[in-house]
Amino acid sequence: MQNIDLDIKHVYGTVSEAAVDALMPEAKAGLAHLVNADAAGNDFLGWLDLPSRTDEALTSDIEAAARSLRENCDVVVSIGIGGSYLGAKAVIESLSNAFSAYGADAKGPVMLFAGQNIGEDYLNELMAYLEGKRFGIIVISKSGTTTEPAIAFRLLKARLEAEIGKAEAAKRIVAITDAKRGALRQLATEEGYKTFVIEDSVGGRFSVLSPVGLLPIAVAGFDIRALLDGARHMQEKLQQPTEENIALRYASARNALYRDGKKIEILVNYNPKLHYFGEWWKQLYGESEGKDGKGIFPAAVDNSTDLHSMGQWIQDGERSIFETVLSVENPDKTVVIPSDEANLDGLNYIAGKRVDEVNKMAELGTRIAHVDGGVPNMRITIPALEERYLGELIYFFEIACGISGYMLGVNPFNQPGVEAYKKNMFALLAKPGYEKETEAIKSRLG
Ligand code: PA5
């Protein structure tokens, strides 16, 4: 059977194979810290064996909750931000028909997302769209106190209750949160919502293979068992300290590049369905590594679209970047370029070829140009955009992130920097308990 794979040989023009290999012992030490749970952040390693720990009972429970929402709703709004949003969004977008929002090949209710911004227009327009529709809500917050999802949930809950009454509304709301703590847990208990638990040891950005990601993905009509199978397969493979372990090789290569002055990594896709996979990856690596004044800056581009906007910078700008390409080997559908008698557009030289063949040549041509231009290239091949391979990819990036973070010398599992803006926002909004901060920040505003 095919699996995802990694090719790092096109970094060797910048850092030598020997330099990458020399970091393998460090990478193996990072993996050992994860497996033995003996380093900083070891209380946040619940994700490491999540695929094998997710048993039949939990899987069936998630599927049953998804079935109930699918049967009773035309629209389901998943409310969450950061790690409580990006994983599900990434998987759903990767697997969905590009035009499902317009009704093409819809696999179930329309899936919408809220609580991932505080845009007033967005919320107003969402509420207007939901008017008169049979909608349900999945509200996801590990802490249960995050402002953005809390605002969206307050609005949507009130709307749903006004439309169908409190008791019926409660049947269409599922809450995913901490087992005991937080405002959302308390509310869910009081209102009698169906709930799922986010374990203490599973941080937001590592939670896509928990109910946080699995429930919205199942509601959207996708096979969470296949997703977990793929992740399980990688869990078995990538916890082994072998030379072939692609997580160890990826972590070694990116750290060798970083130490050589390559401070930015661009995750590149050649399939627009992977746009949100890039967004998920940015949170995973950005929050895990960007601390203590260190860390590779994670960026993402969608090619060939962005070759016409960011291509100039990547080819020719400051030589501080490297790229990791996500390459899908087999598209799901077929489109052949037709021949045209007049050939006014000059495209007959590619008539009869599949569009994907052109796309692959765009990818290859770009790689050669970038490597020539001083942009080292790694390539991850994904046999197809299917649940199993996405499960493999997710687990691969998660474990490689933990290894890489330890190689960098940071705790990959905390995120102290995320609190700074919240403190200021609460002070500016005069949140009770922030009186001193309110006074201090107001005095700085002049
Ligand atoms: O720092 C983080 O982990 C955040 O980005 C969270 O993912 C995000 O704030 C959501 O948190 P919560 O699930 O607690 O609402």
Side-chain angles (χ1 to χ4, degrees), residues 40-41 43-48 50 77-92 113-119 123 137-157 173-188 193 195-217 276-292 295 297-298 300 394 397-398 401-402 405 410-426 429 431:
D43 44 347
F44 279 101
L45 293 175
W47 57 272
L48 199 59
L50 203 50
V77 186
S78 185
I79 297 179
I81 194 167
S84 294
Y85 153 66
L86 285 165
K89 176 80 175 167
V91 173
I92 292 170
F113 292 86
Q116 82 283 32
N117 65 59
I118 345 178
L123 286 166
I137 302 170
I138 304 171
V139 54
I140 309 171
S141 178
K142 182 167 160 48
S143 62
T145 56
T146 308
T147 309
E148 292 89 337
I151 292 172
F153 184 53
R154 179 182 278 219
L155 286 165
L156 265 59
K157 172 180 181 287
I173 297 174
V174 180
I176 307 180
T177 188
D178 187 90
K180 296 194 191 79
R181 291 181 300 265
L184 182 57
R185 170 56 58 185
Q186 195 186 337
L187 183 73
Y193 301 152
T195 62
F196 289 96
V197 169
I198 313 177
E199 298 170 24
D200 281 346
S201 60
V202 178
R205 59 188 175 274
F206 288 87
S207 69
V208 53
L209 299 171
S210 78
V212 170
L214 297 178
L215 180 63
I217 292 166
Y276 273 95
F277 204 89
E279 298 302 302
W280 170 80
W281 174 87
K282 275 159 51 180
Q283 184 196 4
L284 182 63
Y285 279 77
E287 273 190 0
S288 299
E289 294 191 324
K291 53 197 69 159
D292 306 335
F297 182 83
I394 286 167
F397 275 128
E398 287 182 346
C401 182
V410 299
N411 173 355
F413 304 111
N414 63 3
Q415 55 283 326
V418 180
E419 296 310 310
Y421 98 91
K422 293 185 192 167
K423 200 178 103 215
N424 289 343
M425 179 176 74
F426 293 148
L429 290 168
K431 183 174 175 169

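Order of appearance sets the numbers: ligands from 1, and atoms from 1 within every ligand.
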Would you mind checking which non-hydrogen protein atom is closest to atom 3 (O) of ligand 1, with the distance to 0.1 Å? Glu287 OE1, 3.3 Å

Measure from the ring center of Tyr285 to the ring center of Trp281 and say whether it is less than 6.0 Å.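 Yes: the rings meet the under 6.0 Å criterion.
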
Taking the six-membered ring for Trp, is the centroid-to-centroid distance between Phe113 and Tyr85 below 6.0 Å?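 Here the rings of Tyr85 and Phe113 have centres that are less than 6.0 Å from each other.
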
Heavy atoms only, cut-off 4.0 Å: how does Ile81 contact ligand 1, side chain, backbone, both, or neither?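 Near ligand 1, Ile81 shows its backbone as well as its side chain.
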
Is it the side chain, the backbone, both or neither of Lys142 that has a heavy atom closer than 4.0 Å to ligand 1? both

Numbered atoms and elements of ligand 1 in range of Ser143, under 4.0 angstrom, heavy atoms: 12 (P), 14 (O), 15 (O)

Close-contact set for ligand 1 against Ser84 heavy atoms, below 4.0 Å: 12 (P), 13 (O)

Are any non-hydrogen side-chain atoms of Thr177 and Lys142 less than 4.5 angstrom apart?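 No, every pair of side-chain atoms sits at 4.5 Å or beyond.
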
Can you confirm, on distance only, whether ligand 1 has an N/O atom lying under 3.5 Å from any N/O atom belonging to Gln415? no

I want to know if ligand 1 touches Thr146 in the polar sense, i.e. an N/O pair below 3.5 angstrom. yes

Which class fits the ring pair Phe277 and Phe397: parallel under 30°, tilted 30 to 60°, perpendicular over 60°? tilted

Pick whichever of Gly80, Gly83, Gly204 has a heavy atom sitting closest to atom 6 (C) of ligand 1.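 It is Gly83 whose heavy atom sits nearest to atom 6 (C) of ligand 1.
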
Can you name the nearest heavy-atom pair linking Ile140 to Pro216, along with the distance?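 Heavy atoms only, the tightest pair is CD1-CG, 4.0 Å.
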
Counting heavy atoms not belonging to Lys423, are there more than 12 under 6.0 Å from its NZ? no

Under 4.0 Å, counting heavy atoms only: does Glu148 come that close to any atom of ligand 1? no

Which is it for Ile79 and Gln116 under the side-chain contact (heavy atoms from CB on, under 4.5 Å) test, yes or no, and what are the steps along the way? CA-CA 7 Å; Ile79 297 179; Gln116 82 283 32; over 6 Å; no

